[in-house]
*Asks:* 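Following this message is one structure expressed as structure tokens.
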Protein chains: 2
Amino acid sequence: MGLAGIKDVADRAGLSIATVSRALSGKANVSPKSRQLAKAAAAELGFVPSYHASSLASGRNHNVGLVVPSVHRWYFSSVVEGVSGALLDAGYDLTLYNVGDEPERRQIVLNDFLLRKRLDAVIAVALVLSEAEIQQLLAIHRPIVGIGGALAGASTIRIDDARLARTATEHLIGLGHTRIAHITGDGELNRDFKLPGIRRAGFEAAMAAAGHRVRPEWTVSADFTIQGAYASARTLLATATERPTAVFAASDEMAIGTILAARDFGLRVPQDLSVIGMDGHELGEVVGLTTINQDPRGQGALAARLLLETLDAGAKRRTKGAPPAPEATDREYPTEFLVRSSTAVPPV
Amino acid sequence: MGLAGIKDVADRAGLSIATVSRALSGKANVSPKSRQLAKAAAAELGFVPSYHASSLASGRNHNVGLVVPSVHRWYFSSVVEGVSGALLDAGYDLTLYNVGDEPERRQIVLNDFLLRKRLDAVIAVALVLSEAEIQQLLAIHRPIVGIGGALAGASTIRIDDARLARTATEHLIGLGHTRIAHITGDGELNRDFKLPGIRRAGFEAAMAAAGHRVRPEWTVSADFTIQGAYASARTLLATATERPTAVFAASDEMAIGTILAARDFGLRVPQDLSVIGMDGHELGEVVGLTTINQDPRGQGALAARLLLETLDAGAKRRTKGAPPAPEATDREYPTEFLVRSSTAVPPV
DNA sequence: ATGAAAGCGCTAACAG
DNA sequence: CTGTTAGCGCTTTCAT
């Protein structure tokens with residue numbers, strides 16, 4: 001009990017190591033009877049193959065790396081759940097790299113961890129990688145897929161943030177709003193994470209197209225959390241005169257923070273203030289948030305499935321020179337506009 | 001470039017493979033000059049060691065497994081962040097097992113994934129493992145540490161949930177409340193996760209000690225999310241007559257859901273209803289939630305550090321029979337009672 | 001269909 | 001201090 005090698009299984013089954021290996025890994029050229037024998041012996045001994053040995057010998061790791069800025073944020077943990085589920089079902093391990101804010105940590109992960117040949121593939125979420133960094137990864141023959149971020153040369157799954165931000169803003173404009181504020185991301189975040197800028201550009205494009213003025217003092221930034229946006233929104237809404245009639249927050253979390261802040265000032269949503277977000281946070285339901293639902297969990301699951309397909313297809317080619325034809329596809333993931341009760345016509 | 005083995009480095013440095021191995025892994029018995037040579041050659045070739053080969057040969061994996069019910073929930077993602085940071089700093093990989101609700105998945109993770117000998121240790125969060133399951137893990141000579149859950153025979157880091165729940169309830173009682181409701185966890189959750197029951201017991205003990213009646217209809221359950229508790233709290237607070245004057249929610253998320261529900265009914269917190277939670281969710285600040293702050297991130301980091309120490313100490317003993325003296329310590333992590341503005345004396 | 005044998009890339013005694 | 005020699009536990013040709 002406890003430790004049992006393939007050798008033990010072979011002995012117990014009265015077969016050779018080679019046959020047991022083939023039998024257990026579902027390969028062809030094994031008689032039904034031998035396969036039975038091998039499986040029985042393995043079960044009896046509680047045999048679990050050493051993945052190190054098997055990886056070393058076969059070149060397949062059954063392990064994919066997932067790089068995220070912070071699992072503590074809603075969007076990323078959603079993606080992680082999606083990726084995790086798909087991987088677990090396929091018998092793959094998931095190695096998580098929670099890189100956080102510090103650039104050094106990002107460097108270490110990119111230059112050391114990811115290159116240790118332990119991973120069959122890597123999924124990078126909302127991470128802006130340089131062409132060189134991507135090449136470095138591709139150089140070790142590992143497919144990469146990006147979620148929610150632009151990865152030149154690698155496959156990506158994403159939504160069209162610019163267009164959707166524009167759509168969200170247009171919803172407000174369509175209701176008759178002209179005095180619209182925007183909550184965007186912090187400068188801090190923009191470094192490796194240019195999404196706030198993209199959504200902001202969408203907002204500004206919609207405003208410009210409608211001929212509405214974007215007031216600089218009505219574009220405030222926060223850290224993409226409820227509490228951060230709450231604080232920013234309080235500042236935004238503090239002055240009763242010259243108050244916007246609507247807010248487009250660059251994320252649902254920030255939209256929710258805004259709604260909480262509005263309530264503090266006695267502002268009714270949507271009668272006094274309309275608020276729209278983006279992403280599809282579960283909490284949006286509770287506060288009746290109008291939003292555009294992207295399904296990060298689904299995106300994660302899709303990314304994992306695509307990767308697994310690629311890996312199954314490419315089988316083994318470890319020593320070979322050519323990358324497993326990444327074929328860099330860029331898919332747009334479907335979204336859903338959810339009109340709930342946080343948006344309405346502006347007050348008269 | 002791209003692929004370079006230790007052999008290439010040895011050739012380039014004019015040293016033997018063995019010396020290069022020693023030099024690069026910082027071992028003793030290498031002349032400064034040789035070490036320099038080896039490092040230079042490695043750098044020039046962009047050599048990154050294969051962890052499979054190295055693990056297979058040395059028995060050390062530089063990889064710890066982390067098992068959590070759901071990274072999507074605040075508490076768990078906090079722990080993951082803590083563990084991740086400590087591990088990354090130590091050069092360790094983190095393999096994440098997000099087991100979710102399905103018992104089958106839990107089984108698979110426990111019986112297959114964790115036994116694949118890829119892990120040096122495992123951290124299990126809020127997971128109730130049977131003695132047999134723990135023994136199975138210990139049998140493969142891997143230390144286990146549990147966070148927030150009872151693991152017979154393994155080391156654990158946890159808070160005294162029963163006592164703290166009691167303390168929280170007593171805070172309410174001390175303010176003069178007698179009509180106190182409790183929001184506990186779903187039956188669903190109780191299966192592998194008996195924390196709700198423990199906190200509930202603490203609540204009931206405090207009530208009994210004070211001679212207050214625990215009304216069955218005032219103990220409602222939810223799924224430990226804001227939105228779930230919001231729904232449950234709406235039911236609880238719906239009837240204006242016979243309404244509790246205070247609520248002790250078994251988690252901050254549920255306390256926040258309760259506060260949101262209260263607002264919907266026009267109830268002011270704390271004037272009309274006092275609410276107290278437990279855990280230390282960041283969002284608690286925004287709504288002024290009185291709570292008991294446990295620092296899950298810190299707990300995760302601590303668990304990881306303890307494990308790393310054990311691993312460094314035990315060095316190698318792969319083939320040896322005896323476990324690396326787990327010495328099953330059970331530490332209580334410090335907490336902090338945070339009185340904010342969601343609790344006050346009951347309405348007259 | 002099966003077994004023998006040759007590694008996968010590195011570490012760890014063991015001699016020098 | 002350094003090189004030589006065995007493996008770590010599997011997978012995989014290659015014969016049979």
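Side-chain atoms are counted along with the backbone in the values below, which use heavy atoms only and exclude waters and symmetry mates. Owing to the predicted nature of the structure, the values given are computational and were not obtained by experimental measurement. Chain A is the first sequence line, chain B the second, and so forth, proteins listed ahead of strands; every chain is numbered from 1.
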*Asks:* Would you please classify the geometry between the B:Tyr51 ring and the B:His62 ring as parallel, tilted or perpendicular, with 30° and 60° separating the classes?
*Replies:*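 B:His62 and B:Tyr51: perpendicular rings.
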*Asks:* Below 3.5 Å between N/O atoms, which protein atoms pair up with nucleotides 3-7 of chain D? Just atom names and distances, please.
*Replies:*
residue : atom : partner : partner atom : Å
D:dG3   : OP2  : B:Ser16 : N            : 2.9
D:dG3   : OP2  : B:Ser16 : OG           : 3.0
D:dG3   : OP2  : B:Thr19 : OG1          : 2.8
D:dG3   : N7   : B:Arg22 : NH2          : 2.9
D:dG3   : O6   : B:Arg22 : NH1          : 3.2

*Asks:* For A:Lys27, is there any backbone N or O sitting under 3.5 Å from a side-chain donor or acceptor partner on A:Arg35?
*Replies:*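 Looks like yes, one N/O pair under 3.5 Å.
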*Asks:* With no hydrogens and no angle check, is any side-chain donor or acceptor of A:Asp8 less than 3.5 Å from a backbone partner on A:Gly5?
*Replies:*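 Side chain of A:Asp8 to backbone of A:Gly5: a pair is present.
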*Asks:* Output the rounded distance in Å from NZ (A:Lys27) to C1' (D:dT13).
*Replies:* 12 Å
*Asks:* Can a side-chain donor-acceptor contact be found between B:Asn61 and A:His52 if the only test is distance below 3.5 angstrom?
*Replies:* yes
*Asks:* Is it the case that the side chain of B:Thr19 and the backbone of B:Leu15 share a donor-acceptor pair, with hydrogens and angles ignored and the cut-off at 3.5 Å?
*Replies:* no
*Asks:* For B:Asp93, is there any backbone N or O sitting under 3.5 Å from a side-chain donor or acceptor partner on B:Asn63?
*Replies:* yes
*Asks:* Rounded to the Å, how far apart are B:Asn61 CG and D:dG9 P?
*Replies:*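 These atoms are roughly 12 Å apart.
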*Asks:* Measure the distance from CD1 on A:Ile6 to P on C:dG3 and round it to the nearest whole Å.
*Replies:* 12 Å
*Asks:* Please determine whether a side-chain nitrogen or oxygen atom of B:Ser31 lies at a distance below 4.0 Å from atom OP1 or OP2 of D:dT2.
*Replies:*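 Checking D:dT2 against B:Ser31, a side-chain N or O does come within under 4.0 Å of OP1 or OP2.
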*Asks:* Mind calculating the distance between NZ (A:Lys7) and C1' (C:dG3) to the nearest angstrom?
*Replies:* 13 Å
*Asks:* CG of B:Asn29 versus C1' of C:dC14: gap in Å, rounded?
*Replies:*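 Atom-to-atom, B:Asn29 to C:dC14, this comes out as 13 Å.
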*Asks:* For A:Leu45 and D:dG9, give me the distance from atom CG to atom P, rounded to whole Å.
*Replies:*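 Taking atom P of D:dG9 as the reference, CG of A:Leu45 is at 15 Å.
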*Asks:* Under 3.5 Å, is there a donor-acceptor pair between the side chain of B:Glu81 and the main chain of A:His72?
*Replies:* yes
*Asks:* Please report, rounded to the nearest Å, how far the P atom of C:dG9 is from the CG atom of B:Leu24.
*Replies:* 17 Å
*Asks:* For B:Tyr51 and D:dC8, what is the distance between atoms OH and C1' respectively, to the nearest whole Å?
*Replies:*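 It is 17 Å, rounded to the nearest whole Å.
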*Asks:* Counting the atoms with a prime plus P, OP1 and OP2 as sugar-phosphate, which does B:Lys33 contact under 4.0 Å by heavy atoms, base, sugar-phosphate, or nothing?
*Replies:* nothing
*Asks:* Within the 4.0 Å heavy-atom criterion, would you say B:Ser34 contacts the bases, only the backbone, or no part of the nucleic acid?
*Replies:* sugar-phosphate
*Asks:* Give a yes/no on whether any side-chain N or O of A:Ser21 is located under 4.0 angstrom from OP1 or OP2 of D:dT11.
*Replies:* yes
